[in-house]
A.B. asks: 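Okay, handing you the structure first.
Reminder, nothing fancy here: chain letters follow the sequence lines and each chain counts from 1.
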Amino acid sequence: MKEAYFPQEIEKKWQKVWEETGAFKTPDDSDKPKYYALSMFPYPSGKLHMGHVRNYTITDVIARFKKAQGFNVLHPIGWDSFGLPAENAAMKHGANPEAWTDENIAYMTKQLKMLGLSYDWDREVATCKPEYYKWTQWLFLQLYKKGLAYKKEAAVNWCNDCGTVLANEQVIDGKCWRCDSVVEKKYLSQWFLKITDYADVLLQDLDKLPGWGDNVKTMQANWIGKSHGAIFRFPVVDAPSGEKMEVPVYTTRPDTVHGITYLVVAPEYKDIEKLTTPENKDAVEAYRANARKMSEIERLSTDRTKTGVPLGTHCLNPFTGETFPLWTADYALVEYGTGAVMAVPTHDTRDFAFAKKYNLPLKTVIKPADKDLGDPQTWEDAYVDPGVLVNSGEFDGMDNEKAKKAITQKSVDEGFGEFKTQFRLRDWLISRQRYWGAPIPVVYCDKCGIQPVPEDQLPVMLPKDVDFSVVGKSPITTSPTFKDTVCPVCGGHATREMDTMDTFICSSWYYLRYADARNDKECFNKDKVNHWLPVDQYVGGIEHAILHLLYSRFFTKALRDCGLLDFDEPFKNLLTQGMVLKDGSKMSKSKGNTVDPDEIFENYGADTARLFILSDSPPARDFDWSDAGVEGCYKFLNRVWRLISTNADKISLNIPEIKAGDLKKKENDDLLRFVHISIKGITNDISNDFQFNTVISKYRELTNAIYDWQAKKPSPDEEDKLILSYAIVALMKLMSPVAVHLTEEAWHELGGEGSIHNQEWLKWDENLAKSSSITLVVQVNGKVKDKIEVDEGLSQDEMKEVALQSEKVKALTEGKTIVKTIVVPKKLVNIVVK
RNA sequence: GCUCCAGUGGCGGAAUCGGUAGACGCGUCGGACUUAAAAUCCGAUCGGGGCUCAACCUCGGUGCCAGUUCAAGUCUGGCCUGGAGCACCA
């Protein structure tokens, strides 16, 4: 065995062996229990970054650990390979997005293999391949049949730079999630998925996910945004046309209904023209035109002063018999609730600001039980805290929480209102005016209207005869062969849908395809999917907390309702890894603080990269990259290698199991115990939230312990060699999920059969997983005063006796009364004196 | 504004149940080996005070203020700071 550690040599060698022997292939049928470990699949952007390295290393170590523990582990990988960057690159270089994507996949595949990841490559998928997107299209058709996919004209988010619409979830602070340019509103006819049908169950089922972090669950809950309130319908008393009209509002504060002094409708409100008097028409029109021009960011900015104009008409408040004026103001949102808001300026801060500006009346209807609030004209802001009702007729004196129910109930009884649960979540807009995506499989027949493409005609292939140099429209529209087709119903002329699907659809079901990746008859076999799913451990970035994870949960539920699978949630446990930082900020090309994984592989080897990326922080926290840290890990692997190689002649792999009491010498017994302590600690740390940072510190402790032991043994005898072999083999096995190449090479060099990665995980003996004596901590009045080495078999009375014998305790208790003595078995004695 | 997460040495971080605060590493300092360097190895490293120095002794210390307890980094209440998410959502 070579004395020096040459990672580059070792790593290449074993990667080749593993590939040739199919070391990581997963059979579908096995006697072992299944375990599905999954990383969020990458977009093939060109090269791996350190975030990928962290993500895939974490999942790989989990997969290997579970395999060693006796599970049949599914650990697949694939490519989220549709999307804009490929198309943009194609436009820039005149290349084909497919060629660009394939090249990137090839390069990144090479890098993944260099990292020594234990993937079953036979299950690899790429969402841009017809054999995959055929099924994406097929699934769309199933949702269409179920009424979950529909087309409608709507105000949608439009990104000019990307030349396409975006889903709500893809607009971040009014800007495009991908290119950061300001999003505009457009009115277009687009395809939507009815995720709102599942709003309630998506919220409720978060409770079925104890293996998810609270941060992700609350983010989803906030996004879904469930609220309870009431709908009130207010009759219009002076509609210009004379017709009978009413304006419904949604409110979460029905208790304040007696305090309404005006009502606001959104500028886009559908009946706004019919509610405007001829005298106010010009002003209202001007206001609406201005609102249309404004960007989302401007419009939604909360610190903008509120503006609005009166419509000239009035509604009746059936609770009071009073009438109040109608206004339009852009602080009312057309998409939420009914698009109209009842305004109670005394008890809503936004209404308060608006009423102050336009001098609208204020009427107090809630006050604290124990004091008066005075004239609302003198207030700084609205009163929004709980209280009792005033100026509210029969409800005066009622607690406002109770009044919410009572008042709504009255509106129900009298037929102008109802209880209402409202969600913030909107339907998922999936049309994209882009080329590099899965074509939406529908056609528009001149006679029969919208028709789904028959399943036996799938996939609707992306046309290749397109011009990528076009500006301002999707390249797909330039294909001379794609657009015209025949109607599947009447056989007449029809045109194809030119839009493609949001790539988040492709990634909403890929984890299902891995269960049956090569099936060309079905999207997946139901039994196989039911066997492998749900994913036991999903690992990925927090940036997908809403987008991908919410969409995937929706897909799973929708496909369950289509009868394609039998479970409710796709991901049982979720680990959201932190970001990889350098110098305190996220690694990014624009900041120029990136570290290229290739360089690390080349200079230190993949084992060092794997060890380091797990070492310094727990997986869920951000990880600060430091060059010194990499160096430190490299040194540690050298130290481990040296320990093995310099002792190679003394180590035997064929040693009997050592039991408690087998070893005569104390230092040997101590080392044996430390090995068991390490096995226990490492196993628990991995099992308990994958605390790899402490796992690695325990590798170091065990290594240090073996070195320390060795320093006392210039000429080891048979028992010494036995325990040395035992300790070193244990270290290798414990390190094998992380330092995958080093341990494999050492195993082989020491004459091991097969692969170390097929060895069983070590078990510890509870009797040995503790040191031979314990340190008794002696406290006086809760402060540590002494530490005494004692035999662990001591009874509580004996412990107390030992503690009282301590010189230090004697000094402190002399002349005082011992009030109480607390004894914690095997640990501590606390003496309370006065 | 609402919601969630976090706050421990010079730094990353450790500390099953409330029971030795600072594991392990990085950095720094000192030393061994060497002609020298690299590599390697050994030692020190929370702060204040006491003793001529050391061992040692002693006091304080986990963002702040209270509380519960024999005992609080850990539990409870109230704040402060940082990060993330949502946000004119009625």
Side-chain angles (χ1 to χ4, degrees), chain A residues 4 172-173 213-227 229 249-253 256 263-264 266 299-304 306 329-333 335-344 347-351 353-354 384 422-426 542-543 545-546 578-579 581 612 615-618 620-633 635-636 638-639 642 681 684-685 688 691 693-704 707 711 775-787 808 819-824 827-833:
Chain A
I172 316 286
D173 291 333
D214 283 340
N215 51 345
V216 177
K217 286 193 280 189
T218 43
M219 274 162 77
Q220 292 212 355
N222 286 344
W223 187 262
I224 294 165
K226 185 176 185 174
S227 67
V249 301
Y250 170 73
T251 181
T252 53
R253 295 296 306 272
T256 64
L263 185 150
V264 169
R299 165 122 186 229
L300 295 180
S301 162
T302 45
D303 34 61
R304 210 177 105 240
K306 295 183 177 23
D330 59 11
Y331 78 89
L333 305 174
E335 317 94 281
Y336 186 76
T338 62
V341 187
M342 64 178 225
V344 184
H347 305 296
D348 181 284
T349 53
R350 294 153 305 190
D351 298 343
F354 191 83
V384 295
Q422 178 72 37
F423 293 92
R424 223 188 58 101
L425 184 71
R426 315 281 156 80
I542 186 76
E543 66 273 19
I546 293 173
M579 287 186 297
L581 314 176
F612 177 55
S615 67
D616 266 5
S617 302
R621 270 206 237 174
D622 287 350
F623 176 90
D624 208 348
W625 182 275
S626 83
D627 295 336
V630 183
E631 195 73 36
C633 286
K635 282 183 189 171
F636 173 63
N638 270 284
R639 195 166 140 81
R642 232 174 12 251
N684 287 343
D685 284 356
N688 178 23
Q691 296 176 49
N693 54 329
T694 55
V695 168
I696 286 159
S697 73
K698 285 174 175 109
Y699 291 163
R700 291 178 187 271
E701 283 174 0
L702 180 55
T703 306
N704 291 345
Y707 266 107
T775 308
L776 177 70
V777 175
V778 182
Q779 297 181 335
V780 175
N781 288 343
K783 302 220 179 215
V784 179
K785 294 297 172 188
D786 204 358
K787 294 167 195 178
K808 288 165 189 163
V819 183
K820 200 174 180 181
T821 310
I822 287 113
V823 180
V824 181
K827 221 169 210 167
L828 168 145
V829 176
N830 186 16
I831 299 159
V832 187
V833 297

A.B. asks: Syn versus anti for B:G73, judged by chi lying within 90° of 0?
C.D. replies: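 That one's anti.
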A.B. asks: Using atom P of each nucleotide, how far apart are B:C29 and B:A38 to the nearest Å?
C.D. replies: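 Approximately 13 Å lies between the P atom of B:C29 and that of B:A38.
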A.B. asks: Taking only the P atom of each, what is the distance from B:G78 to B:U20 in whole angstrom?
C.D. replies: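 The answer is 28 Å between these two P atoms.
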A.B. asks: Less than 3.5 Å between a donor and an acceptor, one on the side chain of A:Asn830 and one on the base of B:C70, is that the case here?
C.D. replies: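 In this structure, the two groups form a donor-acceptor pair.
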A.B. asks: Looking at A:Gln220 and A:Ala545, would you say the former's side chain and the latter's main chain have a donor-acceptor pair under 3.5 Å?
C.D. replies: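 Confirmed, A:Gln220 side chain pairs with A:Ala545 backbone.
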A.B. asks: Can you check the distance between B:A15 and B:A87, where both ends of the measurement are the C1' atom (answer in whole Å)?
C.D. replies: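 About 39 Å, rounded to a whole number of Å.
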A.B. asks: Is there a side-chain polar atom (N or O) of A:Arg424 under 4.0 Å from OP1 or OP2 of B:A90?
C.D. replies: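 A:Arg424 to B:A90 OP1/OP2: no side-chain N or O under 4.0 Å.
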A.B. asks: For the P atoms, the ones on B:G73 and on B:C64, what distance do you get once it is rounded to whole angstrom?
C.D. replies: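 So the two P atoms sit 11 Å from each other.
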A.B. asks: When you match A:Asp622 and A:Lys698 each to their closest nucleotide on RNA chain B, which lands nearer the 5' end?
C.D. replies: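 Going by which nucleotide is closer to the 5' end, it is A:Asp622.
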A.B. asks: Please tell me if A:Lys783 has a side-chain N or O lying less than 4.0 Å from either OP1 or OP2 of B:U20.
C.D. replies: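 The answer is no; no side-chain N or O of A:Lys783 sits under 4.0 Å from OP1 or OP2.
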A.B. asks: Taking the same atom, C1', in B:U28 and in B:C46, what whole-Å distance lies between them?
C.D. replies: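 Going atom to atom, C1' in each nucleotide, I get 15 Å.
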A.B. asks: Between A:Asp348 and A:Arg253, is there a side-chain N and carboxylate O pair less than 4.0 Å apart?
C.D. replies: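 No.
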A.B. asks: Looking only at side-chain N and O atoms, does A:Thr821 come under 4.0 Å of OP1 or OP2 in B:C70?
C.D. replies: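 False: A:Thr821 side-chain N/O out of range (4.0 Å or more) of B:C70 OP1/OP2.
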A.B. asks: Which heavy atom in A:Leu581 sits nearest to a heavy atom in A:Asp622, and how many Å separate them?
C.D. replies: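 It is CD1-CB, 3.8 Å.
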A.B. asks: Would you say the side chains of A:Asn693 and A:Ser615 form a donor-acceptor pair under 3.5 Å?
C.D. replies: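 Absent: no donor and acceptor within the cut-off.
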A.B. asks: Is the distance from OP1 or OP2 of B:A6 to the nearest side-chain N or O of A:Asn215 less than 4.0 Å?
C.D. replies: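 No, outside the criterion.
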A.B. asks: Is the distance between the ring centroids of A:Phe623 and A:Phe612 less than 6.0 Å?
C.D. replies: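 Here the rings of A:Phe612 and A:Phe623 have centres that are less than 6.0 Å from each other.
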A.B. asks: Which whole number of Å gives the distance between the C1' atom of B:G48 and that of B:G9?
C.D. replies: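 15 Å, rounded to whole Å.
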A.B. asks: Dot-bracket, RNA chain B: Watson-Crick or G-U, under 3.5 angstrom, [ ] crossing, | other strand?
C.D. replies: (((((((..(((......[....)))((((((.......))))))(((((.....)))))..(((((..]....))))))))))))....
A.B. asks: Think A:Arg424 forms a cation-pi with A:Tyr336, using NZ or CZ under 6.0 Å from the six-ring centre and within 45 degrees of its axis?
C.D. replies: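 Not flagged: A:Arg424 not positioned over aromatic ring of A:Tyr336.
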A.B. asks: With distance as the sole criterion, do the side chain of A:Lys820 and the base of B:C70 form a donor-acceptor contact below 3.5 Å?
C.D. replies: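 There is none.
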A.B. asks: How would you label the glycosidic angle of B:C17: syn (within 90° of 0) or anti?
C.D. replies: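 That one's syn.
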A.B. asks: If you check every side-chain atom of A:Val341, which of B:C26, B:A90, B:C4 has the closest atom?
C.D. replies: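 The answer is B:A90, which lies nearest to the side chain.
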A.B. asks: Can you figure out which of B:A14, B:C24, B:G85 approaches the side chain of A:Ile546 most closely?
C.D. replies: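 That would be B:G85.
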A.B. asks: Give me the distance, rounded to whole Å, that separates B:A39 from B:A32 when you measure between the C1' atoms they each carry.
C.D. replies: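 Comparing C1' positions in B:A39 and B:A32 gives a spacing of 14 Å.
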A.B. asks: Given B:C70, B:G13, B:A90, identify the nucleotide with an atom nearest to the side chain of A:Val832.
C.D. replies: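 Comparing B:C70, B:G13, B:A90 against the side chain of A:Val832, the answer is B:C70.
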A.B. asks: According to a strict under-4.0 Å criterion, is A:Tyr699 in side-chain N/O contact with OP1 or OP2 of B:C24?
C.D. replies: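 No, A:Tyr699 has no side-chain N/O under 4.0 Å of OP1/OP2 on B:C24.
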A.B. asks: If you take all heavy atoms of A:Asp351 and A:Met342, which pair is closest and at what distance?
C.D. replies: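 Where A:Asp351 meets A:Met342 most closely, the heavy atoms are OD2-O, 3.9 Å.
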A.B. asks: Please pick, from B:U20, B:A14, B:C26, the nucleotide with the shortest atom-to-atom distance to any side-chain atom of A:Thr775.
C.D. replies: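 Of the options given, the side chain of A:Thr775 lies nearest B:U20.
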A.B. asks: Please determine, for the side chain of A:Asn222, which listed nucleotide (B:A90, B:U20, B:U3) has the closest atom?
C.D. replies: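 Out of B:A90, B:U20, B:U3, the nucleotide with an atom closest to A:Asn222's side chain is B:U3.
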A.B. asks: Rounded to the nearest 0.5 Å, how far apart are OG1 of A:Thr694 and CD of A:Gln691?
C.D. replies: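 Separation between the atoms: 4.5 Å.
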A.B. asks: From the options B:C24, B:G19, B:C41, select the nucleotide whose nearest atom is closest to the side chain of A:Arg642.
C.D. replies: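 So the side chain of A:Arg642 is nearest to B:C41.
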A.B. asks: Under 4.0 Å between a side-chain N/O of A:Gln220 and OP1 or OP2 of B:U3, yes or no?
C.D. replies: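 Answer no for this pair, as no side-chain N or O of A:Gln220 is under 4.0 Å from OP1 or OP2.
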A.B. asks: Between B:G25, B:G19, B:C88, which nucleotide gets closest to the side-chain atoms of A:Asp330?
C.D. replies: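 Selected nucleotide (nearest to the side chain): B:C88.
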A.B. asks: Please determine, for the side chain of A:Trp223, which listed nucleotide (B:C5, B:G25, B:A87) has the closest atom?
C.D. replies: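 Of the options given, the side chain of A:Trp223 lies nearest B:A87.
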A.B. asks: Kindly point out which of B:A14, B:G19, B:C24 is positioned nearest to the side chain of A:Val824?
C.D. replies: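 Taking heavy atoms from C-beta onward, the closest nucleotide is B:G19.
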